[in-house]
Amino acid sequence: MININTDHLKQINPFEFTQSLSTAVRKFKDVHSNLPMFRLQENLKKVLAYGHLAEKTKERFTDIVLLGTGGSSLGAQVLCKLSRLEDDIRIHFFDNIDPLTFKHFWEKSRLETTLFLVISKSGTTPETLTQAIIAIARVESVVGKNRISDHFIVVTEPKSSPLKKLADRYGFMCIDHDQGIGGRFSALSLVGLLPAMLMSVPVDRVISGAQTLYTEFLLNPETHPITESVGLMHQTAQTLNLTQTVFMTYVDQLEPLGRWFRQLWAESLGKNGKGTTPINATGTVDQHSQLQLYLDGPKDKLFTLITHPLNWVGDQVSTEISHAIGFEDMSGRTMGDLMQAEQSATIQVLKNNTRPTRIIEITEVSPEVVGALMMQLILETLLTADVMSVNCFDQPAVEQGKILARKYLEKSIG
Ligand SMILES: O=P(O)(O)OC[C@H]1O[C@](O)(CO)[C@@H](O)[C@@H]1O
C-alpha cells in the first residue's frame with residue numbers, strides 16, 4: 001500500500017540507530033502509545049454513534065460549512081477529499097476570516113439547506129467564534145429563531161468556554177472533542193472523521209488503514225521503516241545543515257494532506273530554535289514554479305515526494321493531432337503516462353543535483369491509504385520531536401500573537 005524509499009538518504013548517510021532514536025522509540029512504547037489519539041477503534045465507535053446524522057444530512061442539506069481552523073479543519077479537509085458526494089452535498093471549509101469571502105458566500109448561499117459544523121477544541125478561538133456568531137445571525141434571518149438549532153452542530157471540549165456557551169444558548173447539538181487529543185493530532189478522531197462521515201466517506205476504511213499501519217509499527221518499532229526514516233531524515237538534516245523540508249504530493253486528492261502535514265510538523269517541532277520549516281508543494285504544478293529553486297537554490301532542503309504510479313491512466317492523446325502539431329512525444333500516451341514520467345524525472349534530477357530525497361510511493365488513493373499516510377506522518381512527527389528533545393504537544397509561541405491581537409482589538413474599539 002505504502003512503500004517508503006530512503007535509498008538516497010542512505011547513500012548520503014548510512015543509517016545509525018542512535019541513542020536519541022532508541023530513547024524516542026522507548027518513550028513511544030511506554031508513554032505515547034497510551035495516548036487517546038491511538039485508540040483508533042474507540043474513536044471510530046464514537047463517530048459511528050452519530051451515523052444517523054449522516055443520513056439526516058443527506059436528506060435535508062445541500063451544503064455543509066465547516067467553521068474552524070488549524071487542527072479543527074485541516075484533517076477534515078484531507079478526509080473529505082475522499083468523498084464522492086460533491087454533486088449531492090458540497091462542503092465548504094472556512095478557516096480564514098476574510099470578510100469578502102463571507103460576503104460572497106452569503107450572496108450565493110442556500111442557508112435554508114445549509115448545515116454549519118463549528119469545530120474548536122478550546123472553544124475560545126476568536127476566528128471561529130466570530131464566524132459562528134455571524135453565521136447564526138445569517139441563518140436566523142432566513143429560517144427564523146425557532147429553527148436555527150437544526151442548522152448547527154458544535155464540536156468542542158466538554159468544559160465552559162465561549163463556544164460551549166454559544167451552543168447552550170441556542171440549544172445546538174454539542175459533541176465532545178476528546179480532551180486528551182491535541183488539535184493537530186485529532187484528524188483520526190471525531191474531529192476529522194465526523195465531517196468525513198457526513199460526506200459519506202467510509203471512515204471505517206480510513207481507520208482500518210491507520211490501524212493496520214499502527215499495529216505493524218507497534219509490533220516492532222525498532223526495525224520499522226518509519227523509525228529508520230525518522231533517523232535518516234534527522235541525521236541528514238543535521239549533517240547537511242538542512243533547515244527546510246519539502247513535502248510534495250502529486251495527485252490532486254492529496255493536496256490538502258500537504259497543508260495538514262505543514263501544521264503538524266511546524267507546530268509540533270518548531271521550538272527552542274529547533275525544527276525544519278515545512279513547505280508543501282504539488283507536482284506537477286510546482287515544478288513550473290518552485291523546482292528551479294529546489295534544484296539550484298540553497299542546499300537547505302530535504303525532499304519527501306508522495307508518488308503514485310499512473311502509467312496508462314486517463315485519456316489518450318490523439319496520435320493524429322500530436323503528429324500534425326509536432327508533439328510526437330505524447331502520441332498515443334495517456335495523461336497518466338506524462339504524470340508518471342514527470343514524477344520519475346523530478347526524483348532523478350533532485351538526486352542528480354544532490355538534493356536529499358525520500359520517496360513515499362502509494363499504490364492508490366483509497367481511504368485505507370490516506371488513513372495509513374496520516375498515521376505514518378503522525379508517528380514520524382512524534383518520534384522526531386523526541387529525537388530533537390522538544391515537546392510535541394504545545395505551541396506556546398502562538399499565544400503571543402493571540403494576546404496581542406486581543407489588545408489591538410480593545411484599543412481599536414476604545
Ligand atoms: O481547535 P481550536 O482550539 O479552535 O484551535 C485551532 C488551532 O489554533 C491553534 O491552537 C494555534 O493557535 C492550533 O494548535 C489549533 O489547531
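When a ligand or atom number is given, it counts from 1 through the structure's own listing order.
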Strictly below 4.0 Å, N to O, side chains only: are [X] and [Y] in salt-bridge contact?
X: E59; Y: K56; answer: no
X: E140; Y: R147; answer: no
X: E380; Y: R358; answer: yes
X: E107; Y: K103; answer: yes
X: D176; Y: K46; answer: no

Any non-hydrogen atom of E127 lying under 4.0 Å from ligand 1?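 No.
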Between the candidates S122, A397, G68, which shows the shortest non-hydrogen contact distance to atom 3 (O) of ligand 1?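 Residue with the shortest heavy-atom distance to the ligand atom: S122.
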So which of R184, K121, Q263, E157 gets nearest to atom 15 (C) of ligand 1, if we judge by its closest heavy atom?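 Closest candidate by heavy-atom distance is Q263.
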Which of the ligand 1 atoms, numbered from 1, are nearer than 4.0 Å to a heavy atom of [X]:
X: G71; result: 16 (O)
X: S72; result: 1 (O), 2 (P)
X: T69; result: 6 (C), 7 (C)
X: E267; result: 9 (C), 11 (C), 13 (C), 14 (O)
X: V398; result: 11 (C), 12 (O)

Look up atom CD in Q131 and atom CG in D95, then write down how far apart they are to the nearest 0.5 Å.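 Between Q131 CD and D95 CG, I get 8.0 Å after rounding to 0.5 Å.
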Check this for me - ligand 1, K402, N or O atoms closer than 3.5 angstrom, yes or no? yes
Could you find the nearest protein heavy atom to atom 5 (O) of ligand 1 and give me its residue, atom name and distance?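 Ranking protein heavy atoms by distance from atom 5 (O) of ligand 1, first comes T125 OG1, 3.5 Å.
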Any chance the side chains of T239 and N13 put a donor and an acceptor closer than 3.5 Å?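 Yes, side-chain donor-acceptor contact under 3.5 Å.
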